[in-house]
Number of protein chains: 2
Amino acid sequence: MSDHRAGSFGPAEGRTGGKRSGVLELAVLGLLHETPMHGYELRKRLNALLGAFRAFSYGSLYPCLKELLLRGLIADESADDAPRALAGRRSKIVYRMTAEGKERLQDLLAEAGPAAWEDDGFGIRFAFFGQTRADVRLRILEGRRSRLEERMESVRAALARTRERLDSYTLELHKHGLESVEREVRWLNELIASERESGPGANTPT
Amino acid sequence: MSDHRAGSFGPAEGRTGGKRSGVLELAVLGLLHETPMHGYELRKRLNALLGAFRAFSYGSLYPCLKELLLRGLIADESADDAPRALAGRRSKIVYRMTAEGKERLQDLLAEAGPAAWEDDGFGIRFAFFGQTRADVRLRILEGRRSRLEERMESVRAALARTRERLDSYTLELHKHGLESVEREVRWLNELIASERESGPGANTPT
DNA sequence: TTTGCGATGTATCGCTGCGATACATCGCGC
DNA sequence: GCGCGATGTATCGCAGCGATACATCGCAAA
């Protein structure tokens, strides 16, 4: 019972206590793209950026930062240009993106597959839509919409199957849940329409 | 400025110690209260019950079941009334509630504190409102509402602080998120009203 | 002056729960 | 008699949370 990863895809690295981070990686890279920052501020900005949608904690942020450093996607700015003469003094770590980091960010922002229409993946990508190519935006929006439609369909089917066994509170819960999803679909429709309207040739640079 | 939980409720709720799952425990107990079942069906029913709101996986269900067995809150029915003569044959495990389990369920359903107005805790409890005392229902509904209002307030404040730095997509995300919360508050208001209406003396028995 | 406090800042530990996977049995059509 | 999908039990690796520890800095009340 040990070591059986079929490993069809997924980079076989990590280990050594290394923490992988899907969405956080994009979030960090996306923010650092603007200006260098240290962890504390990164978190504040991140949570301000995402608002009601999501909040990250230090328990995930710092391990992620550590890993990104290791992978060379970000670097400690205070280390490469500081005088270094000051012996041992260091309490702040200012992170900046490296060239590899920028490349990675571009790859992540170009991703328009399933990962980009899951709840987390979508939300975080949407927050960085300003840096995303117009055609990718559209594909993500549409993918998200069909993902939600799928979900609604399966919930509705399950509901139809069990409706008579459910009490009024459960029914109410389902109704509310379904309406939330419907509302998001409507929102997506508006966004898609306005994307299409602003010209299918519009490519947003950087 | 502080983005920490201000702790207006503080330690009064007697945490300070490793606390067990809570959510799944309640779900399992709540379902098993009706009829005995095995894990597979438990999961199906659970996800049908919760619908769009939430879905549990085996990775959490089975460990939870194991722990509940250990704690004596549920028992393996096929073990205590089966002939036992059949040597070694066993593939299904049918769980039933014990007296301790029923007691525990009552305690969980009576809980109307902070744990009951977090996203998960609230949803799961709402699904079992049919088994909850009317006054507890009301307190949970009101607690949930004020929790959401708190959240909206802090998001709005953060938004006001950073609005000018955000691009149109991020603004759209915030708007949508805020509206979702507002919608849930309105929903809660309706529920509260209808709870109050149906008489403050109404105590639902099991 | 000192003391205390809240914001800033870095970091880790224990835990919950997910997702993928493995494997076994059963019923049923062909 | 065979395949195949539903039923059924179970675990592993990992992401991310929440609490916590600790250190420094600026500032205002004592």
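Each chain gets a letter, A, B and so on, in the order the sequences are listed, and its residues count up from 1.
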Item to complete: Please name all residues satisfying side chain to side chain donor-acceptor pair (under 3.5 Å) with B/E179, sequence neighbours left out, ordered by chain then number.
Response: A/R183
Practice prompt. With sequence neighbours excluded, tell me which residues meet side chain to side chain donor-acceptor pair (under 3.5 Å) with B/R43.
Written response: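 B/R43: no side chain to side chain donor-acceptor pair (under 3.5 Å) contacts found.
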Between [options], which one does the side chain of [X] approach most closely?
X     : options                : value
A/L24 : C/dT10, D/dT9, D/dG16  : D/dG16
B/S60 : C/dT10, C/dG17, D/dT11 : C/dG17
B/V23 : D/dA10, C/dT10, C/dG17 : C/dG17
A/Y40 : C/dT12, C/dT10, D/dG8  : C/dT10

Worksheet entry | Stretch residues 43-59 of chain B: residues that reach within less than 4.0 Å of DNA chain D through a heavy atom | B/K44, B/Y58, B/G59
Practice prompt. Please work out whether the ring planes of A/Y40 and A/Y58 are parallel, tilted or perpendicular, with thresholds of 30° and 60°.
Written response: parallel
Worksheet item: Should the pair B/H176 and A/W187 be assigned to parallel (<30°), tilted (30 to 60°) or perpendicular (>60°) ring geometry?
Response: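 Rings of B/H176 and A/W187: parallel, as their planes differ by under 30°.
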Discussion item. For B/Y169, give me all partners under ring pair (Phe, Tyr, Trp, His ring centres under 6.0 Å), at least two apart in sequence or on another chain.
Written reply: A/F126, A/F129
Worksheet entry | Contacts of type salt bridge (charged side-chain N to carboxylate O under 4.0 Å, His left out), residue A/E150, not counting sequence neighbours |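 So A/E150 forms a salt bridge (charged side-chain N to carboxylate O under 4.0 Å, His left out) with A/R147.
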Discussion item. Can you tell me if A/E34 has over 12 outside heavy atoms packed within less than 6.0 Å of its CD?
Written reply: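 Yes, CD of A/E34 has more than 12 neighbouring heavy atoms, counting only those of other groups under 6.0 Å.
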Discussion item. Rounding to 10°, can you tell me the angle the first-five-pair axis of the helix from C/dT1-D/dA30 to C/dC30-D/dG1 makes with its last-five-pair axis?
Written reply: 20°
